Amino acid sequence: MSMPTFHLAPDLAVSRLCFGQPAPQTTLLLSLSRGFLLTQRPCVEGTMTMGEQSRLPESLRLLDAAFDAGVNFFDSAEMYPVPQRSETHGRSEEILGRWLRARWAPRDSVVLATKVAGPSGEMTWIRGGPASLDSRNIAEAIDGSYVPMFGETEYDPSHQYMSVPMEEQLLALGRAIDAGKIRYIGLSNETPYGLMKFLQLSRDSQLHSKILTVQNSYNLLCRNFDAGLAECCHHERISLLAYSPMAMGILSGKYYSSDDGGPPDARMNLFKGRYSEGESRYNLQNPKMKAAVKEYVKISAKHGISPAILAVAFVLRHPLVSSAVFGATEISQLTEVLQATRIHLSEEIVAEINEVHARYPNPCP
């Protein structure tokens with residue numbers, strides 16, 4: 001099928017679907033790449049599960065299938081796969097690198113994105129557990145700031161990690177661009193203040209045209225982007241890479257289709273108790289979330305499309321979304337997500353979605 005694209009920059013066209021998933025990071029690095037260059041990072045396909053839930057053979061098949069279907073945008077992070085472990089960190093990037101080397105796709109046909117690990121208080125196996133997102137950590141991540149995220153809705157100054165001047169971060173990123181290691185810059189899990197401050201300072205460092213995207217959560221259960229960041233992105237011409245369009249698979253309805261809590265190999269069941277970021281936001285016992293999901297499943301059934309297609313198509317219709325960052329562990333899941341690029345949601349369907357949203361606003365903030 002023909003995959004629609006979006007021009008993030010005159011020389012950077014990405015598929016509306018991006019194979020990838022989020023990480024607790026704040027700096028996204030974008031690059032056009034062809035070689036075995038795991039430090040160059042430019043619909044996006046997500047590699048968050050590759051190396052854990054998806055093993056090497058399955059991962060390579062998924063990457064091949066996505067690329068053959070027109071997906072040219074692949075997202076990763078140095079901490080992947082999840083749940084994060086010292087034994088597996090970096091494995092997703094390695095799998096992506098192996099695929100690139102074996103595939104021999106034309107250099108300008110693949111866009112890669114990855115993220116530098118910021119301070120989290122965990123992941124001590126990554127450079128000793130970064131205390132800050134300073135120039136050293138950025139440079140080392142390329143070569144080898146607390147904000148409310150993953151379910152937090154209010155800023156708590158007591159959670160602020162060691163402050164690093166944004167000028168220092170931009171200087172390190174500018175050096176990486178000058179060295180040809182990355183092409184563009186994006187932000188991830190960012191706030192309106194953070195985005196606008198980065199853009200303000202980037203004008204002084206002549207990097208303003210290099211900041212293209214912000215990668216934040218956006219789906220039927222989490223529309224917080226529209227409250228503040230959307231206005232910033234619209235006026236500053238920043239595109240949203242919307243991650244978790246299916247809310248970690250919850251919007252498929254599989255966790256509520258029976259009384260047994262869904263398939264045992266589904267991510268929220270397979271890694272129960274081991275994936276704190278996901279479980280803190282997507283609490284399967286949340287009655288408002290459960291009620292909202294059931295209503296969205298009813299809408300999809302009424303209009304003859306699957307819940308997954310409804311969820312992804314809703315995200316793709318947003319005028320500020322350049323790509324929906326999705327993940328898949330099976331070819332059947334990938335096929336279903338690809339179908340969403342061909343679906344136009346009618347005004348009737350959108351009105352029904354908004355009516356549910358009015359009753360259950362952002363149950364997974």
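Just so it is clear, the model here is predicted, and its values are computed rather than measured. Residue numbers run from 1 in the order of the sequence given.
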Taking His318 for its side chain and Leu320 for its backbone only, find out whether a donor-acceptor pair lies under 3.5 Å. yes
Pairing donors with acceptors under 3.5 angstrom, does anything connect the side chains of Ser76 and Glu93? no
Calculate, to the nearest 0.5 Å, the distance between atoms CG and CD belonging to Leu187 and Gln169 respectively. 9.0 Å
Counting distance only, does the side-chain N/O of Ser15 pair as donor-acceptor with the main-chain N or O of Asn72 below 3.5 Å? yes
With no hydrogens and no angle check, is any side-chain donor or acceptor of Arg16 less than 3.5 Å from a backbone partner on Val321? yes
Salt-bridged, Glu236 to Arg203, with N to O below 4.0 Å? yes
With a 3.5 Å distance limit and no angle check, can you tell me whether Asn216 reaches the backbone of Asn189 through a side-chain donor-acceptor pair? yes
Among side-chain atoms of Asn286 and Tyr360, is any donor-acceptor pair under 3.5 angstrom? no
One pair to check against side chain to side chain contact (heavy atoms under 4.5 Å, CB included): Ser244 and Tyr282. What are the steps and the verdict? CA-CA 11 Å; Ser244 204; Tyr282 301 116; 3.2 Å; yes
Note, Val111 side chain near Phe74 side chain (heavy atom, < 4.5 Å): no
Hydrogens and angles aside, do Tyr184 and Thr213 bring a side-chain donor and acceptor to less than 3.5 Å of each other? no
Tell me whether Leu220 shares a hydrophobic cluster with Ile343, the cluster being built from Ile, Leu, Val, Met, Phe, Trp, Tyr side chains joined at under 4.5 Å. yes
Testing the 3.5 Å rule here: is there a donor-acceptor pair between the side chains of Asp75 and Tyr243? no
With sequence neighbours left out, the residues meeting salt bridge (charged side-chain N to carboxylate O under 4.0 Å, His left out) with Glu231 are none
Which atoms form the tightest heavy-atom contact between Leu345 and Leu310, and what is the distance? CD2-CD1, 4.1 Å
Only pairs at least two apart or in different chains count here, so list each salt bridge (Lys or Arg N to Asp or Glu O under 4.0 Å) that has a residue in residues 349-364. Glu295-Arg359, Lys302-Glu352, Glu355-Arg359
Just wondering, are more than 12 heavy atoms of other shown residues or ligands nearer than 6.0 Å to NE2 in His208? yes
Please step through side chain to side chain contact (heavy atoms under 4.5 Å, CB included) for the pair Leu241 and Ser322, ending with a clear verdict. CA-CA 6 Å; Leu241 301 179; Ser322 60; 3.2 Å; yes
Looking only at the side chains, is there a donor atom on one of Ser306 and Glu336 sitting less than 3.5 Å from an acceptor on the other? yes
